[in-house]
Structure formats: structure tokens, C-alpha cells
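The chains referred to below are lettered A, B, ... by the order of the sequence lines, with proteins before strands, and numbering in each begins at 1.
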Amino acid sequence: MYWDEDVEKIDRNELEKRQLQDLKASVKKASLSVFYKERFRKIDFDPDSIRSLEDINKIPFTTKDDLREYWPYGFLSVQKDDLVRMHSSSGTTGRATVIFHTRGDLEAWTDMVARSMYMTGMRKSDVFQNMMTYGLFTGGLGFHYGAEKIGALIIPAGAGNSKRQIQLMRDFETTVIHIIPSYALHLSEVFEEAGVDPRRDTKLSIAFLGAEPHSEKTRIKVEEFYGLKAYNSYGLSEMNGPGVAFECPFQQGMHIWEDNFLVELVDPRTLEPVAEGEEGELVLTTLRRQGMPILRYRTKDLTCIINGTCECGRTHRRIERITGRTDDMLIIKGVNIFPVQVEKKLMGIPGVGMNFLIILEREGYNDHMIVKVEVQKEFFSGDLKQLENLRRKITEELKSDILITPKVELVEPSSLPKSEGKAVRVIDNRKD
Amino acid sequence: MIAYQLSIFAENKPGRLAKVTSVLAREKINIRAITIASSDAFGVINILADDPEAARKALGDAGLTVSLKPVIAVVIPDKPGGLDKLIQLLAGQDINIENAYGFVLESWEKAVFVIEVDQIDKTQHVLKASKFETLDASALASIEPFHYMKY
Ligand SMILES: [Zn+2]
């Protein structure tokens, strides 16, 4: 029932004692990096001055912008020689952040993923089909190594190719899948078209839904259609990737692995801790990572902490489903997109006017991104072909940057909505 | 001779064409011919008007995206084979027609065929050499619009 009972059911006092010990070491380790060395010097902070967990307040928050600014090696606390892997945030080339791991970091990460999967009932007798992109994205390799550690048979299917996914499931009697929730819904239509009923024609029993926030309703839909239990998986590449927080069989929030992460929840405006039970921005500190420790990282994800022990007996606190973002990051098909990325790309294309609008639509189970782009008045020569070429160019340029093919529509200059003079950049019409 | 055609960028949504025609009506600008070329979500309205410069200003002032484009308005006989003679001539000279439309001036007598071509100077030359009559903006403006009603 437990992958690591001593850790998973650890007494809270004992946990905090360990956390303090690890925090001290982590802060010290971090101070070896260019970024934290400079930051600590600037605020005159002594890395040896941590006496309690509350002392973490003396350290300023770390943001994605810091990671970008000190890209690529400014956060390293070890020699490059000691690194064995790099990963990158999903879907972004212009604004990608990179995370490096030592061998020990990968082992710790793998262990957390294995612990998470094991918690839901996955065992070495299972056949695990990993339907996530392998590569820079952490979702593929992260789960792969976790499943391997459990000893399951892995089908590294990767993303896409729906018909082959279904074929693999049937041929090799897949029991566990890791899948993006919106893709799980889309795939259900492919199942229906093919006349295959996953309840009857497959052996599926567990799904890990990750890389994309989703609602309880989506979970229920997936569970009902496929005839399995679906578990929510939370992670971000800056904190390794998947395996940060995960649902147990009771499915009442995700246990966040506090032996590896120090958890804070702050008001995104005041940056003060929120009151118990209130929603706030999740702030995480790595407690064990050696290659690239990150202190007080603002995840920009909004959630609540569920207090009290879980029926499963694990003492690690739980967080609610992610309810939103404090920034304007969009997640579509598991890819993270910032409107500013789209803006940067568009503004570099001759003929593009002042304003644009991203509209996200859900058609059946498919998410679409529509980008309406104002045409520059002076650009228009009266030629439809010229407009079509512009549209094609915009589509290609955006696709190369955000990895999603948007539907580009050209609109008349100054025709897009503005609210109080400020351009409206995103309309999200996706609803469950 | 060169004529000018107004091209208006318009999204495919109700009311766009109505806006264009209402501006032209208010300015008492006469429309000789109108065509719409559209892609799925947007298109271009092409208009041959009697006073293209005034029309451009009025439409631009009304917030529309307009451009004035040189076209050639060729007079052809309004009878079978009339258009074919013109098209064969241009094809034989490797001139590519990018857009075209026509309207009748006098039933069974004369029609005007408006063409947008890739080589406008060469086209004029070829047409002149083959004795085709072309109309410029003022010639288009002076056409009596209701002359076919003359008995
Ligand atoms: Zn639990």
C-alpha cells in the first residue's frame, strides 16, 4: 500500500525537523550559485542564519523571470560536469526555462514519481502506456523512470497517433495510462468512431491525468468512459516535473511531497501567507535538489491547502486542484503559452496591425486556439492573395514558436475589443 | 489607359458591405461594378466607382481599410466570342489575369471587362497594338448609366 511507509506516514514533528535540516542545507547549497550568491549579498543575508522554518521569510521569492535572466547556468550549485540531464518548460522556445539535474536529483525525482504511482495502486505487474511527449518536456521521461522503478512494463507510446494508441492498448493489454485530460476526452471520440469500448475491449484500470488543470467533471467523464480510476497529477518543470503532488486512492486533493518541497501559500498581491483554508499562490522550495536548488519559487498556480490527515494515513498535506493562474499563462493541449509570446512573434511580422486577440474554444473534446490579428492599414494593397499569404505566414510563425497550430483570422484595423483602453488579449470559452 | 478600382478589406460578417454602400450613397458616388472575393473569414470587396479618389477618401474616413488599385477596363463587343478574343490575346503574351469581372455597357453592343494583371504596362501596350479600347476613370465616370433605356 505504501512505497515508502516511513516517509509517507512520517510524524509531522519529525517531518518538520527533517525539513529544517534540509532547508539549511539547501540554502547553503543554493548560495553557491551565481544567482543566489548575488541575491544574498544584495540583501545581506547569511545562508547560515536559518534557525527555523519560518526563517525562510528572510529569503526573497524566486520567479520565472529570475530563471530567464540567469539562463542557462546562473542557478547551478554544482559543476556542469556533475549534471546528467536537462529539461525545459513545455511549449515555449522564446521563454523557455531550463532545469538541470545531477544523478542524485534524478534518483530523488524518480522515487517521488514511483511513490505517487504506487500510491494509486500501480504495481510491477502493470502495463503502463505513457502517452506523453518524450523529450525536453518532463511529463514523458519523468513518468517513464518512475514506472521503470516500480518495475512495470512500459509502452513509451509518446503523444498523438490516436489509432495506434488504441491498438497498443489492445495488443499489449495496457492497464495504466498517463495522459493529458483534454486528450483523454478527444481519444474517447476516436474509440467511439472505431467502435471500440474501452470498458469491454481493454484492460485499463488507472489513468494519471496530468500536464493540464482540469475539473472534477472532466475526471468523472474520463473515469466513466474508460471504466477506470483517474488520478490528478501536479508538477512543474522548475520543481522537476510530475511527482510534486499526486492524488491518493481517496481522491480528495493531492498529497504534496513535503519531504522534498517546503510548501507556502501566499496572497499573490501582498505576498503574505494566506489564512488557513484560503486560496493562494503555491510557493515551493526544493529541499533536496543538488544541481539547481530553487528557493521560494512562485509557481503562479492558485490552490488551497487541505488541512487534516487523509484517510489513507499519509501525513503529507494535500492541495486542491489548481483553480487558476496568477499570471496570464494559457495551457492548451498541455502546452504552456504566454500571450506576450504571441505578441512578440506577431509584432515582428510586416503587415500586422496594433492589436490581436486569442480565443480558446472547445469543440466537442478538442481545444482550438483562434488568433484574430488586425491588419495594418497601410499594408493592405487590395489583394486577397496578399492577405492569404500574410495569414499563412502568421500561422507558420506562431506554430514554430508555440508548437500549436492556431487558426489565424485577419480582421480590420482597430476592430478588436478594448476594455478601458487596454487591449483584451485572451477570451477563454472552454467550459466543461 | 488605366482605371482605378477600390479594394476594401472586410471581414465576413453581416453589415460590412452595407457600410460600404451606405458611405458611397451618402457621397453620391456611383458604383459601376462590384465584386467580392473572399477567403473563409475575410474578403476583399472590389468596386469600380465613378469617382475613385473621392470614394477612397470617404471610405477611409469612415474607418474602412481601402486601397486604390490600377486596373484595366477594356471595351469588348457584347457578343459571343467577344471576351475570348481578349483572353486569347493576353494568354498568348503570357499575361496573367489575377482578377477579372465584367459588365455590359450596351446590350448586344458593348461590354467592359475589368482586369487586374501582373504586367500592367505590357498589357496596355498589347491592347493598344491590337486596337482594344480601354477606359480611364473619367471615361468610366462619363458613361451614361441608363443609356440602355434609350429607345
Ligand atoms: Zn490520502
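- For the atom pair A/K377 NZ and B/S67 OG, the distance stands at 12.0 Å (nearest 0.5 Å).
- Contact check for A/L387 versus B/V44: side-chain heavy atoms found under the 4.5 Å cut-off.
- Of the atoms belonging to B/Q5, not a single heavy atom falls under 4.5 Å from chain A.
- Residue A/K399 qualifies as open at atom NZ: its count of foreign heavy atoms under 6.0 Å is 12 or below.
- Contacts between B/I8 and chain A at a heavy-atom distance below 4.5 Å involve the backbone alone (N, CA, C, O).
- Within the 4.5 angstrom heavy-atom criterion, only side-chain atoms of B/N46, from C-beta onward, approach chain A.
- In plain terms, the two heavy atoms of B/S7 and A/G382 that are nearest each other are CB-CA, 3.2 Å.
- A/D383 places a side-chain heavy atom less than 4.5 Å from the side chain of B/K69.
- Here A/F379 contributes atom CZ and B/T65 contributes atom OG1; the two are 12.0 Å apart, rounded to the nearest 0.5 Å.
- Between the CG atom of A/L384 and the CD1 atom of B/I36 there is a distance of 11.5 Å, given to the nearest 0.5 Å.
- Looking only at side-chain heavy atoms (C-beta outward), B/F9 and A/L410 come within less than 4.5 Å of each other.
- Between B/E116 atom CD and A/K385 atom NZ the span is 9.5 Å, to the nearest 0.5 Å.
- A/E409 places no side-chain N or O within 3.5 Å of a backbone atom of B/F42 that could act as its donor or acceptor partner.
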